[in-house]
Number of protein chains: 2
Amino acid sequence: MRRGLEFKKKARIIIVDDNYEHLNGVRELIEIESDFDVVATATSASVAISLIKKYRPEIVLMDINMPEKDGLTAIAEIEKLDLGVRTIALTGYDDPDLIFRAMKIGAKGYILKTMASAQLIYAIDEVAAGKIYLPNTLSSRFFEYFQKSFKEELQSISDEENLLNYLTQREEEVLDLLTQGITYKGVAQKLFISETTVKTHVNNIFQKLQVNDRTQAVLYALNNGFLNKRKVKIAI
Amino acid sequence: MRRGLEFKKKARIIIVDDNYEHLNGVRELIEIESDFDVVATATSASVAISLIKKYRPEIVLMDINMPEKDGLTAIAEIEKLDLGVRTIALTGYDDPDLIFRAMKIGAKGYILKTMASAQLIYAIDEVAAGKIYLPNTLSSRFFEYFQKSFKEELQSISDEENLLNYLTQREEEVLDLLTQGITYKGVAQKLFISETTVKTHVNNIFQKLQVNDRTQAVLYALNNGFLNKRKVKIAI
DNA sequence: GAAGATTTAGACCACATGGTCAATAACTAA
DNA sequence: TTAGTTATTGACCATGTGGTCTAAATCTTC
């Protein structure tokens with residue numbers, strides 16, 4: 001255990017949990033089973049934030065399920081401070097949406113309260129060593145959720161129902177400029193054609209996309225992967 | 001090993017790799033070290049796809065680094081077929097961008113060629129059992145990349161430089177309706193105020209966002225996290 | 001209670017936008 | 001070669017949009 005940390009100074013930890021009993025349980029566990037240094041504890045997110053500013057710990061163990069200011073928002077705030085503090089989310093639920101949001105806002109680890117104590121120590125070890133750690137079961141859940149959301153996104157885009165596919169090349173060029181907030185006059189200049197021509201194209205675009213004005217056209221384009229079309233093709 | 005699969009039928013596998021030697025290496029490995037059934041192999045992505053349609057394997061081992069049609073595009077196509085085929089990416093590089101893109105398009109696992117053979121078998125086991133599997137080292141890389149991209153996205157948004165923050169509540173409501181492509185008249189009806197009032201609000205919005213028309217305003221709103229604001233506040 | 005911000009509203013004007021009809025040139029594809 | 005699609009342009013008109021100025025009612029905040 002504690003691989004590669006033998007010669008480093010002990011990682012300093014702050015524990016945040018509104019459940020006082022559980023807070024002390026975790027504290028004792030860490031003090032007995034590891035040689036990390038619990039420098040402070042808090043039972044609310046707002047107190048935690050000021051303690052973090054004061055003590056500048058390496059690690060924060062943050063309970064996610066708290067009243068008033070919830071743990072996720074707290075993690076987001078801590079990340080925003082940009083103090084290099086690494087936060088591990090601690091919760092009773094393995095809800096993939098929770099896991100996803102936690103990782104999204106910058107949590108460096110996510111541990112269930114029901115997991116073995118060794119797992120917690122190991123997670124802290126890893127995170128203290130600069131890694132991001134998710135237990136296999138949770139990372140599996142995360143990826144399922146991650147892929148599901150992307151799949152839905154792709155499906156909604158690459159449909160044959162996508163009216164954008166009916167646009168001609170020139171119309172796409174015009175729409176592209178519209179999605180940059182350019183006027184008739186501007187488009188005409190950029191494409192070296194008359195303003196009237198642009199209007200014709202724009203009207204045809206409206207017909208094909210079944211909308212009444214540029215704003216709706218731009219929104220349709222954006223919501224149906226107009227920009228992505230190129231990006232996805234090139235980037236995937 | 002092979003936990004929980006004792007009574008299921010052997011998973012059928014197709015291996016795809018343009019390197020013939022490596023292909024056979026992997027094949028032998030699987031045939032010797034596991035009891036999976038390698039039903040076919042292919043040295044190109046296009047051949048692989050037709051084989052997959054024919055054999056309907058449970059698992060596909062796909063080399064990512066291939067000429068012509070590359071492995072990632074192939075995985076995307078396989079996913080689009082929606083045959084329930086589960087693909088594991090196989091490559092020499094642990095480039096986080098590659099890992100990210102592979103998982104994004106639906107790969108159920110990602111293994112390095114340099115990894116121990118036991119690791120490969122284990123990965124197939126897990127994926128065959130319906131899980132998504134990434135070795136810890138790779139999942140760590142994935143998450144770093146994942147968080148970095150989100151951090152950049154958030155930073156560009158949550159700036160104090162975000163002109164959206166200067167909008168009053170009412171102006172936000174109006175802008176919200178504009179981002180749905182609604183006209184003056186429509187907004188007036190929705191908010192139970194006169195059209196003139198809407199125009200006043202809209203003009204103020206333009207001033208504050210430093211734009212000249214609704215399209216630009218909508219684009220500014222969308223590019224600077226206007227929709228996210230609520231979602232993030234409420235949903236995170 | 002006074003100062004300030006916010007929300008409401010009208011009037012007036014210039015111009016951008018959207019709708020429709022017609023017509024030519026060019027480049028496919030049958 | 002012919003029919004069809006695409007790209008181009010003009011004219012005309014109704015209306016939506018954006019700019020500016022003024023002003024009252026309401027709500028905060030000190």
Can you sort out the partners of A/Q189 under side chain to side chain contact (heavy atoms under 4.5 Å, CB included), two or more places apart, ordered by chain and number?
-> none
B/N162 side chain vs B/N224 backbone, donor-acceptor pair below 3.5 Å = yes
Any pair counted as ring-ring contact (aromatic ring centres under 6.0 Å, His included), so long as it reaches residues 75-103 of chain A, sequence neighbours left out | A/F100-A/F142, A/F100-A/Y145, A/F100-B/F146
If we fit an axis to the first five pairs and another to the last five of the helix from C/dG1-D/dC30 to C/dA30-D/dT1, what angle do they make, to the nearest 10°?
-> 60°
Is there any side chain to side chain donor-acceptor pair (under 3.5 Å) pair reaching into residues 201-216 of chain B, and which pairs are they, with sequence neighbours excluded?
-> B/E171-B/K208
List every contact pair, protein side and nucleotides 28-30 of chain C side both N or O, where the distance is under 3.5 Å.
none

Taking only residues at least two apart or on different chains, which pairs with a member in residues 180-200 of chain B satisfy salt bridge (charged side-chain N to carboxylate O under 4.0 Å, His left out)?
-> none
Only counting residues at least two apart or in another chain, list the ones meeting side-chain hydrogen bond (donor to acceptor under 3.5 Å, both in side chains) with A/T41.
-> none
Please examine the side chains of B/L51 and B/V16, heavy atoms only from C-beta on, and report whether any two atoms are closer than 4.5 Å.
-> no
Using the test salt bridge (Lys or Arg N to Asp or Glu O under 4.0 Å), find all partners of A/D94 that sit at least two apart in sequence or belong to another chain.
-> A/R141
Exam field: side chain A/R86 to backbone A/K108, donor-acceptor pair closer than 3.5 Å = no
Quick one, give me the B/S/- string for nucleotides 4-19 of chain D, reading 5' to 3', where B means a protein heavy atom under 4.0 Å from the base and S means that only happens at the primed atoms, P, OP1 or OP2.
-> --SSBBB-B----SBB
Look only at the side chain of B/E79 and the backbone of B/A107, and say whether a donor-acceptor pair between them is shorter than 3.5 Å.
-> no
Expected rows: protein N/O vs nucleotides 24-26 of chain D N/O, under 3.5 Å:
none

Hits for side-chain hydrogen bond (donor to acceptor under 3.5 Å, both in side chains) against B/T197, two or more places apart or cross-chain, chain-then-number order -> B/S194
Partners of B/L191 by side chain to side chain contact (heavy atoms under 4.5 Å, CB included), sequence neighbours excluded?
-> B/R170, B/E173, B/V174, B/L177, B/V187, B/I193
